[in-house]
Undergrad: 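Take a look at the following structure, please.
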Protein chains: 2
Amino acid sequence: MNKTATTDLIANFIQSAIDASTEGFAELQRSALAEMFSCVPSQINYVLSTRFSPERGFSVESRRGGGGYIRIAKVHESARESVMNALDSLGDAADATAAETTLRNLSESGVLDKLTARMMIAATGNSALKSLEGEQRDQIRASILKHMLVSYVSE
Amino acid sequence: MNKTATTDLIANFIQSAIDASTEGFAELQRSALAEMFSCVPSQINYVLSTRFSPERGFSVESRRGGGGYIRIAKVHESARESVMNALDSLGDAADATAAETTLRNLSESGVLDKLTARMMIAATGNSALKSLEGEQRDQIRASILKHMLVSYVSE
DNA sequence: GCTTTTATAGTCAGGAATGGTCAAAAACAA
DNA sequence: TTGTTTTTGACCATTCCTGACTATAAAAGC
């Protein structure tokens, strides 16, 4: 079998901690986490910045020194608001990674269900647009994505 | 003795892995496969693009970096047929009307829910593709549609 | 109080571990 | 021979992991 990246294990652990909490946030110690997963402390920062970023709907606060901690909370935003923010942050052109990131974020924040997000990722992937090149490809991609998102929030 | 092409051996292996899985998809590592079949890693990409393409009813997702993988999924059997028929009748190019008609039909036959169909119509409308012209526009439209539909009916 | 020590966390650049693309060579089929 | 499919390798892109260095807060000593 294939080995799961440590980063994913840590992310799962943190997510579970948030889910299990009654306050809606997890308060953890960086060094303790690093010890638990046998990694260097800075990997925790990597996990936080790639998996619990503001774009993904999380807020992270921390404190250094004795008794220091990291607090990770899920931020709630209305679906419509999230989509509007996503639309705002998209320019006139978007590469495949940008489109996918946007969609994954919407999916993870519960705005789009997984299947829908995956369909949209397929629609905006390089494979679907492979006969286009460079700037034009990225422009069309952005256009398609925007049209889909607008359609999504238009009753 | 007649020697079977390595590509076919790899394709068979992947197919078996999908069939044997309970989740309906196989998650494999490119480098491990290459090692297993004593070929260069890029041959795996060749196998994927010639044997597990959307046209053949598969969707492929992957991730790079440590713990990276390739996930190959086969479409849902039930929805597959109507989608494949739709794709067959569309061909390599489709105008906006043809795309929309196809999607409305799929929506009415219950393969797609209304919202999803509407988003797909938005993605393939002339408005979304306005910077393209003529035959190219219709080809891209067909490609996008194909990728969305196959993705949608994949496991 | 002020300074020093200790206990945390943060940043960043680079190395390692994956997968992707493309074009050319080789093998095969018609 | 000629056209297609397979095989290969050089180069690229992305994600993860690590360690040296930095920053901040609390506690201890004065």
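Lettering follows sequence order; numbering is per chain, from 1. For the numbers below, each heavy atom of this structure counts, side chains included, while hydrogens, waters and symmetry mates do not.
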Undergrad: Do B:Leu106 and B:Ser82 touch side chain to side chain, with heavy atoms closer than 4.5 Å?
TA: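 Yes, at least one pair of side-chain atoms sits under 4.5 Å.
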
Undergrad: Rounding to an integer number of Å, can you tell me how far A:Ile44 CD1 sits from D:dT18 P?
TA: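 Whole-Å distance recorded here is 11 Å.
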
Undergrad: Does any N or O in the side chain of B:Thr116 come within less than 3.5 Å of the main-chain N or O of B:Leu112, such that one atom is a donor and the other an acceptor?
TA: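 No, the answer is negative, given that no donor and acceptor are paired below the 3.5 Å cut-off.
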
Undergrad: For A:Arg64 and C:dT6, give me the distance from atom CZ to atom P, rounded to whole Å.
TA: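 To the nearest whole Å, that distance equals 20 Å.
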
Undergrad: Considering heavy-atom distances to DNA chain D, does B:Arg63 or B:Asp8 have its closest nucleotide positioned more toward the 5' end?
TA: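 It is B:Asp8, whose closest nucleotide lies nearer the 5' terminus.
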
Undergrad: Out of the candidates A:Arg51, A:Arg56, A:Lys114, only one should pair with A:Glu108 under the side-chain hydrogen bond (donor to acceptor under 3.5 Å, both in side chains) rule; please name it.
TA: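 Testing each of A:Arg51, A:Arg56, A:Lys114 against A:Glu108, the sole residue satisfying side-chain hydrogen bond (donor to acceptor under 3.5 Å, both in side chains) is A:Arg56.
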
Undergrad: Can a donor-acceptor pair under 3.5 Å be found between the side-chain atoms of B:Ser42 and the base atoms of D:dG9?
TA: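 Yes, the side chain and the base share a sub-3.5 Å donor-acceptor pair.
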
Undergrad: Looking at B:Phe25, does the NZ or CZ of B:Arg71 lie under 6.0 angstrom from its six-membered ring centre and within 45 degrees of the ring axis?
TA: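 Here B:Arg71 passes the 6.0 Å and 45° test against B:Phe25.
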
Undergrad: Separation of A:Ile10 atom CD1 from D:dT15 atom P, in whole Å?
TA: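 For the pair A:Ile10 CD1 and D:dT15 P, the rounded distance is 17 Å.
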
Undergrad: Do the side-chain N or O atoms of B:Ser31 get closer than 4.0 angstrom to the phosphate oxygens (OP1, OP2) of C:dG19?
TA: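 Yes.
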
Undergrad: Rounded to whole Å, please give me the gap between CG in A:Leu33 and P in C:dT8.
TA: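 In whole Å, C:dT8 P and A:Leu33 CG are 13 Å from each other.
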
Undergrad: Examine D:dT14: is either OP1 or OP2 under 4.0 Å from a nitrogen or oxygen in the side chain of A:Thr97? Give yes or no.
TA: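 Looking at the OP1 and OP2 atoms of D:dT14, one of them is under 4.0 Å from a side-chain N or O of A:Thr97.
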
Undergrad: Between B:Tyr46 and D:dT6, does any side-chain N or O lie under 4.0 Å from OP1 or OP2?
TA: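 So the side-chain polar atoms of B:Tyr46 do come within 4.0 Å of the phosphate oxygens OP1 or OP2 of D:dT6, strictly under.
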
Undergrad: Determine the contact category for A:Thr50: base if any of its heavy atoms lies under 4.0 Å from a base atom, sugar-phosphate if only primed atoms, P, OP1 or OP2 are that close, otherwise nothing.
TA: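 The residue A:Thr50 makes no contact with any strand.
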
Undergrad: Any side-chain to backbone donor/acceptor pair from A:Ser16 onto A:Asn12? Under 3.5 Å, distance only.
TA: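 Pair found, side chain donor or acceptor close to backbone of A:Asn12.
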
Undergrad: Name the closest nucleotide to the A:Val40 side chain, picking from D:dT18, C:dG20, D:dT5.
TA: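 For A:Val40, the side-chain atoms sit closest to D:dT18.
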
Undergrad: Taking atom P of C:dC22 as reference, at what distance in whole Å does atom CG of B:Asn45 sit?
TA: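 Answer to the nearest Å: 11 Å.
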
Undergrad: Rounded off to whole Å, could you give me the CZ-to-C1' distance for the A:Arg51 and D:dC17 pair?
TA: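 The distance from CZ of A:Arg51 to C1' of D:dC17 comes to 12 Å, rounded to the nearest Å.
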
Undergrad: Does a side-chain N or O of A:Thr6 approach OP1 or OP2 of D:dC17 to a distance below 4.0 Å, or not?
TA: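 Affirmative; the distance criterion is met.
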
Undergrad: Under 4.0 Å, counting only non-hydrogen atoms across every strand here, what does A:Gly65 touch: a base, just sugar-phosphate, or nothing?
TA: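 Base contact.
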
Undergrad: Look at all strands and tell whether B:Arg71 reaches a base, only sugar-phosphate, or nothing, counting heavy atoms closer than 4.0 Å.
TA: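 Nothing, no nucleic acid heavy atom in range.
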
Undergrad: For A:Ser62 and C:dG10, is the shortest distance between a side-chain N/O and OP1 or OP2 below 4.0 Å?
TA: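 The answer is yes; a side-chain N or O of A:Ser62 sits under 4.0 Å from OP1 or OP2.
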
Undergrad: What is the separation between atom CD on B:Gln29 and atom C1' on D:dT15, rounded to the nearest whole Å?
TA: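 Rounded to whole Å, this separation is 13 Å.
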
Undergrad: Does A:Gln43 place a side-chain N or O at less than 4.0 Å from the phosphate oxygens OP1/OP2 of D:dC16?
TA: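 False: A:Gln43 side-chain N/O out of range (4.0 Å or more) of D:dC16 OP1/OP2.
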
Undergrad: Rounded to whole Å, please give me the gap between CG in A:Asp95 and C1' in C:dG20.
TA: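 It is 15 Å, rounded to the nearest whole Å.
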
Undergrad: Whether the side chain of B:Arg30 and the base of C:dG20 hold a donor-acceptor pair under 3.5 Å is what I'd like checked.
TA: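 In this structure, the two groups form a donor-acceptor pair.
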
Undergrad: Of A:Ala5 and A:Gly66, whose nearest nucleotide on DNA chain D comes first from the 5' end?
TA: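 Of the two residues, A:Ala5 wins.
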
Undergrad: Whether the side chain of B:Ser107 engages the backbone of B:Ala117 through a donor-acceptor N/O pair (distance < 3.5 Å, no angle test) should be reported.
TA: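 Pair absent, no side-chain N/O of B:Ser107 close to backbone of B:Ala117.
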
